[in-house]
Amino acid sequence: MAENNNNNTNSESQKKSNFIHAHIDEDLAQGRNSGRVHTRFPPEPNGYLHIGHAKSICLNFGLAEKYGGKCNLRFDDTNPSKEETEYVESIMEDVRWLGFDWEDRLYYSSDFFQNLYDFAVRLIKEDKAYVDDQDAETISSQKGTPTRPGIESPFRNRSVEENLDLFGRMKDGEFDEGEKVLRAKIDMASPNMHMRDPILYRIMKAHHHRTGDEWCIYPMYDFAHGQCDYWEGITHSICTLEFEVHRPLYDWFVDQLQEMDYRPRQIEFARLNLTYTVMSKRKLLELVKDGHVNGWDDPRMPTISGLRRRGYTPESIRNFSDKIGVTKVDGMIDVSLLEFSVREHLNKTAQRVMGVINPLKVVITNYPEGQEEMLSAVNNPEDESMGRRDVPFSREVYIERNDFMEDPPRKFFRLGPGREVRLRYGYLIKCNEVLKDKNGNITELLCTYDFESKGGKSSDGRKVKGVVHWVSAKHAVKAEVRSYDRLFSDEDPNGHKDVDFKEFMNPDSLKVLPECYIEPFVKDSKPFDHFQFERLGYFNMDPDSTPENPVFNRTVALRDSWAKAQKK
RNA sequence: UGACCCAUGGUGUAAUUGGCAACACGUCUGAUUUUGGUUCAGAAGAGUCCAGGUUCGAGCCCUGGUGGGUCAACCA
């Protein structure tokens, strides 16, 4: 039985098919690219990866896997002013953590700077590129508008010799930033703005994280991407929808590359949007820089590192990615699907443990003082092979504060004055007295236990419906629990024109519960270990933990049909 | 007033060469249950943006609309 459950997590073989498969199947049927399928994941190392990148990673590596092809990791590092080694390292860590392997195919666009330069020289010689002396503003003003054609630069018809000379001197650092650019000579009247003599190279006297000060001219994205695809042997260059209008330019460059026995093709898909969060690097960076969250790996962040710290598993993210599919429809996925994916995985794999995050002390008055005993608990009802463990029991225990109500509503199965419930894996207890402080707050419950009910079964066959989790006060591990809610209170914080997205931040996205009691089993756990705190949710140990103050993050709560019914 | 792209239950996706709209999440019942979890059984919810056309037959094809998105960084 347990073996079957484990096999179910292997969903690789049942991936949904999508429109990209159709394209590839067609290419294969036509005998293109000698039947090769080669993709790449090409992040710019200017920030941390988020769940949207995970979709792209799963897609690209997934295609390679499906078609017996390859997938490269490429850092698109053509803009030294924004890129840092810190980001390169975090990206590699995240891709590996998700479970993908680029083997020996790690590339950087900067690996191709010389090739790109040589290619640019060739275009100049073929009279397909020229040096423009005008400043950014002027060039922009000549570009026209989407509905009106642009006008040609006065420098457009320089001689090949002059262009060659000028471009060489740009490379040699003779000019300042902004003084000159290299442009492709295409068509200033094209209905596609990207074809109106796009800029190929700009002067940037910035230190590059890999090439240092070797270059002072850097290629633009459009001039680098397709060519790198070509040189790496990429057959299917998958990117997001906003690059759709760049495709004619992508193809124009690839056309110039001639002598090819194959041709990389750009295919666009819709980027992931999730409810109640933001996904743009700019906005995520803003949240980090302005201290709205505690770093890129804050468990409330949609970053891979944030999700990891929150307690998400690679499997759950991969399954999520598979479930949402791949299309060109610009939509918005409900976070509940992401949450479903972790619950689904953790339900099958997480160690169960009892933990009380909102403690209320219960004294079992007829249990002998000083006595204690061990009770046997199941580690995971979904996986018998995980076995059982002993949980200590004694006279004083903590239960969840909201498992007791003085004046319970209908259908409340838990503890109340004069009521009886089962302590999970333990005894039946009955509440006899409620102690309060002078303000009327409940401070303690006095209960008696049925000593014949060990293990939870009544000796006389009476039915007790309620079951509550508990922790022996004497043996409990005191811990801090961090409980998270959505970062934004609006479903689509980006969807409001003229209102800053930060206006929609949820002020209660983080709740710190400093005094929680967990059964001693968690004493040996390490950061990132997963647990289900029974009846509450999935939690994992946070790296902030110390032996004196273990910290647990609530990954996601269990489904709670009682709480749901109460809201109505 | 241009080019390109998109349009199927609340959400996300399916629907062999056109053949009575399927699945998942979510929602709601009920059963089981020492997790109000899980599991199981079941229900509601779209007639496929609109209008024409082709066809015996259209979510799939054609035409024209409508709505939405992207594009005018020396960003990617």
Side-chain angles (χ1 to χ4, degrees), chain A residues 16-18 42-44 46 76-79 81-83 109 132 134-137 139-141 143-150 177-183 190-196 198-204 217-218 220-222 224-225 239-248 268 270 275 281-282 320 323-341 343-344 347-348 352 354 377-378 381-382 411-414 421-426 428 455-457 464-469 532-537 557-566:
Chain A
K16 278 199 256 186
S17 79
N18 60 53
E44 180 185 16
N46 68 342
D76 209 348
D77 56 351
T78 57
N79 183 351
S81 68
K82 291 166 68 181
E83 295 145 9
S109 296
D132 196 329
Q134 303 177 107
D135 61 26
E137 207 179 323
I139 290 176
S140 164
S141 70
K143 202 127 204 193
T145 69
T147 55
R148 225 192 319 260
E177 290 189 10
E179 255 187 81
K180 289 185 166 44
V181 290
L182 184 72
R183 295 228 257 166
S190 169
N192 184 332
M193 298 292 288
H194 295 275
M195 301 298 273
R196 324 246 260 226
I199 290 169
L200 271 31
Y201 270 95
R202 76 288 213 187
I203 298 168
M204 291 183 93
I217 56 171
Y218 291 92
M220 300 288 290
Y221 163 87
D222 283 309
H225 207 94
C239 62
T240 44
L241 249 28
E242 64 270 28
F243 292 100
E244 219 151 20
V245 283
H246 294 238
R247 195 183 338 138
E268 312 84 11
T275 54
K281 276 188 192 170
R282 196 211 94 217
F320 168 74
K323 268 189 260 272
I324 60 178
V326 180
T327 65
K328 305 187 73 154
V329 185
D330 196 13
M332 167 100 51
I333 311 265
D334 202 296
V335 265
S336 65
L337 188 58
L338 220 209
E339 294 174 345
F340 168 80
S341 298
R343 287 198 193 99
E344 185 186 41
N347 175 48
K348 293 215 169 71
R352 267 60 168 177
M354 290 194 285
V378 173
E382 304 293 316
K411 289 195 177 171
F412 184 80
F413 304 149
R414 285 109 90 144
V421 291
R422 174 164 28 242
L423 294 179
R424 176 142 233 237
Y425 303 121
L428 301 178
K457 286 188 189 64
V464 174
K465 183 144 188 169
V467 181
V468 303
H469 57 95
Q532 183 196 95
F533 289 2
E534 292 210 46
R535 302 208 308 132
L536 294 179
L558 251 30
R559 287 185 59 193
D560 188 347
S561 52
W562 169 246
K564 199 177 292 173
Q566 290 310 288

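Below, read A as the first sequence line, B as the second, and so on, with proteins coming before strands; counting in each chain starts at 1. Note that the structure is predicted; figures quoted are calculated from it, not measured.
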Q. So, do Trp562(A) and rG36(B) meet the stacking rule of ring centres under 5.5 Å and planes under 30°?
A. yes
Q.
Mind checking if Thr327(A) touches a base, just sugar-phosphate, or nothing, with heavy atoms under 4.0 Å?
A. sugar-phosphate
Q. Does Arg202(A) have a side-chain nitrogen or oxygen under 4.0 Å from the phosphate oxygens OP1 or OP2 of rC75(B)?
A. yes
Q. Of all the choices, rA76(B), rC6(B), rU27(B), which nucleotide is nearest to the side chain of Met220(A) once you look at every atom?
A. rA76(B)
Q | Candidate nucleotides rC75(B), rA72(B), rC25(B), ranked by approach to the side chain of Leu337(A) - the nearest | A | rC25(B)
(Q) Between Arg422(A) and Val464(A) (side chain of the first, backbone of the second, donor and acceptor by atom type, cut-off under 3.5 Å), is there such a pair? (A) yes
Q: Give none if rA76(B) has no partner; otherwise give the nucleotide forming a Watson-Crick or G-U wobble pair with it, both distances under 3.5 Å.
A: none
**Q.** Pair of N/O donor and acceptor under 3.5 Å linking rU1(B) base with Arg148(A) side chain
**A.** no
Q) Base, sugar-phosphate, or nothing for Glu137(A), non-hydrogen atoms under 4.0 angstrom? A) nothing
Q | G-U wobble or Watson-Crick pairing nucleotide for rC23(B) (cut-off 3.5 Å, both distances) | A | rG12(B)
Q. Which part of the nucleic acid does Lys457(A) contact within heavy-atom distance under 4.0 Å: base, sugar-phosphate only, or nothing?
A. base
Q: Between rC25(B), rA72(B), rG12(B), spot the one nearest the side chain of Ile333(A), thanks.
A: rG12(B)
**Q.** Minimum-distance nucleotide (side-chain atoms of Glu244(A) versus rC71(B), rU35(B), rC5(B))
**A.** rC5(B)
